[in-house]
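Worksheet for the structure shown next.
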There are 2 protein chains.
Amino acid sequence: MESLNRVTEPKGRKRSSKRDPEANRRLLIKATLDTIADIGVTDTSVSRICERSGLSRGMIHLHFGGKDNLLTAAAQHFSTEYYAEMDRLADLGSDASPEDRVMAVIEADLSEALLNPRSTKIWHAFRGIASSHPGIARYSSTQDPKLVETLRRAFMEIAQQNGHDPNLVNDATSGTLALLEGMWVNYLTDMQIFSRRRSAELIRRFLGGLFPGKFML
Amino acid sequence: MESLNRVTEPKGRKRSSKRDPEANRRLLIKATLDTIADIGVTDTSVSRICERSGLSRGMIHLHFGGKDNLLTAAAQHFSTEYYAEMDRLADLGSDASPEDRVMAVIEADLSEALLNPRSTKIWHAFRGIASSHPGIARYSSTQDPKLVETLRRAFMEIAQQNGHDPNLVNDATSGTLALLEGMWVNYLTDMQIFSRRRSAELIRRFLGGLFPGKFML
DNA sequence: GTCTCTAATGGACGATCGTCCATTTAATGT
DNA sequence: ACATTAAATGGACGATCGTCCATTAGAGAC
């Protein structure tokens, strides 16, 4: 964001310990997400966010201009963080086999780092209000272009070894994302019963059927 | 509900045209669901529900004892209606082939009767607040026992013709429901792009991979 | 008609909502 | 040390929230 690196800033110190607007901005966003995960969007009010962050009530209007903008910023932050973590977990080098790369995405999406009580609650809360909140809808899509491209490229490599029809790659990509979506819902519905391993193996099995001879255990 | 059929009631007349508590109950539930679909759960207030139903503000407390109970009743009603319509659309006789029965469920779930703007918005709105609203969580599951059993039975018949491992049936059932879940999300995210036909064919393709020789076009 | 009982009304109520701003506090420049 | 500027505070404000209840209206029973 902040494009100018203030030349007056000495050493590597982060400003001067107090009065850090940027840190407070982030603190508010974090408090918002935590509150949503704890008590739900419906009960997430300005007062509640402030009391959790330890900041005063005026800060939201000061830094975001209103509650709606804070919510949108929180949704954007959450989405960005999610895909950044996905990149970190699933980005094997391009020397890895396409099957391994696909499975890396699946296992990353089902890992505790991405799929946990906090993130599922936040994710579904945002999705639930997205229809009536255009600003949030922009960040509640599961079809991140980069992730889609990663999957598509991998499936393409697998498919062109044999002679499959062109829609196969599209279907494999959409189907994989849809299956993962379903797994998140299963996790939200009953976290006790849910098994990350079984979920990953289920998806592998579906892909194995789609690409005979591939995705075997 | 009303266990006694008041003997004094003449003919088939519905009470006496005015003063119909049961109708008002249903009217309130319908107004609640419509409001949620229109402006979202967050903005769905007692006042808004009443103004839409044309009834007075006291009715909610009178018939449901509070807003929370009304919301829960609305979620239950919606869920019941959904599965009733699913039954109506997908219940081929048991003389139909298991493949046809599975595809009937899939096509029903993707039909305009079940998958439309109103129902997707309501469904995801309820799911979004389910985590912080135990009463609603009970009706936001996608794993309706009867529907699961229908699919499981059909996949069982398909599987036991060949000699597959026992987990195949469970995986096929869970996977089909997960894929449908993902399709609903796709529909919510972008209704313009969504295609019912392509979605159904995608799921069929995945099942075709799982059961070689079956689910062919 | 009168009595009885319940459905239904609509406003009162305190609590809380989100917004906004006068004021205070802290850091920087001179 | 003082002036300047930005960050941060916390309470005032009107609007709206959900609940509750005194009251009115309507439909049998007698």
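A, B, ... follow the sequence lines: proteins, then strands. Residue 1 opens every chain.
Atom CD of B:Glu51 is separated from atom P of D:dG18 by 13 Å (rounded to the nearest Å). The distance between atom CG of B:Leu27 and atom P of C:dA8, rounded to the nearest whole Å, is 10 Å. Rounding to whole angstrom units, CD1 of residue A:Ile49 and C1' of D:dG10 are separated by 17 Å. Between the CE atom of A:Met59 and the P atom of C:dT24 there is a distance of 19 Å, given to the nearest Å. If you measure from atom CZ of B:Arg25 to atom P of C:dA8, you get 12 Å, rounded to the nearest angstrom. What separates CG of B:Asp20 from P of D:dG28 is a distance of 12 Å, to the nearest Å. One interatomic measurement links the two molecules: CD1 of B:Ile60 to C1' of D:dC17, which rounds to 12 Å at whole-angstrom precision. At whole-Å resolution of the value, CG in A:Asp43 and P in D:dG18 are 11 Å apart.
Residues A:Tyr82 and A:Asp87 have side chains that never bring a donor and an acceptor to within less than 3.5 angstrom of each other. Between A:Asn167 and B:Arg205, the side chains place no donor N or O within less than 3.5 Å of an acceptor N or O (distance only, hydrogens not considered). Side chains of B:Ser111 and B:Arg196: a donor-acceptor N/O pair is absent below 3.5 angstrom, by distance only.
Set against D:dG18, D:dA7, C:dG18, the side chain of A:Lys67 has C:dG18 as its closest nucleotide. Ranking D:dT9, C:dA7, D:dG18 by closeness to the A:Leu55 side chain, first place goes to D:dT9.
A donor-acceptor contact under 3.5 angstrom links the side-chain atoms of A:Arg57 to the base of C:dT19. If you check distances only, the side chain of A:Arg19 does reach the base of D:dA7 with a donor-acceptor pair under 3.5 Å.
Between B:Ser56 and C:dG10, a side-chain N or O to OP1/OP2 separation shorter than 4.0 Å is absent. For A:His61 and C:dC20, the shortest distance from a side-chain N or O to OP1 or OP2 is below 4.0 Å. In this structure, A:His63 does not reach the D:dA7 phosphate: none of its side-chain N or O atoms is under 4.0 Å from OP1 or OP2. Remark: B:Ser47 is not in phosphate contact with D:dG18, judged by side-chain N or O atoms under 4.0 Å from OP1 or OP2.
Note on ring orientation: taking the six-membered ring where Trp is involved, the planes of A:Trp123 and A:Phe78 are tilted (angle from 30° to 60°).
Backbone-only contact: B:Asn24 has heavy atoms under 4.0 Å from sugar-phosphate atoms and none from a base.
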Test salt bridge (charged side-chain N to carboxylate O under 4.0 Å, His left out) on A:Glu157 and A:Arg101; report intermediate values, then the result.
CA-CA 11 Å; A:Glu157 290 180 31; A:Arg101 279 180 281 146; 2.8 Å; yes
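Nucleotides of DNA chain C nearest to B:Gly54 and A:Val46 differ in position, and the one nearer the 5' end is that of B:Gly54.
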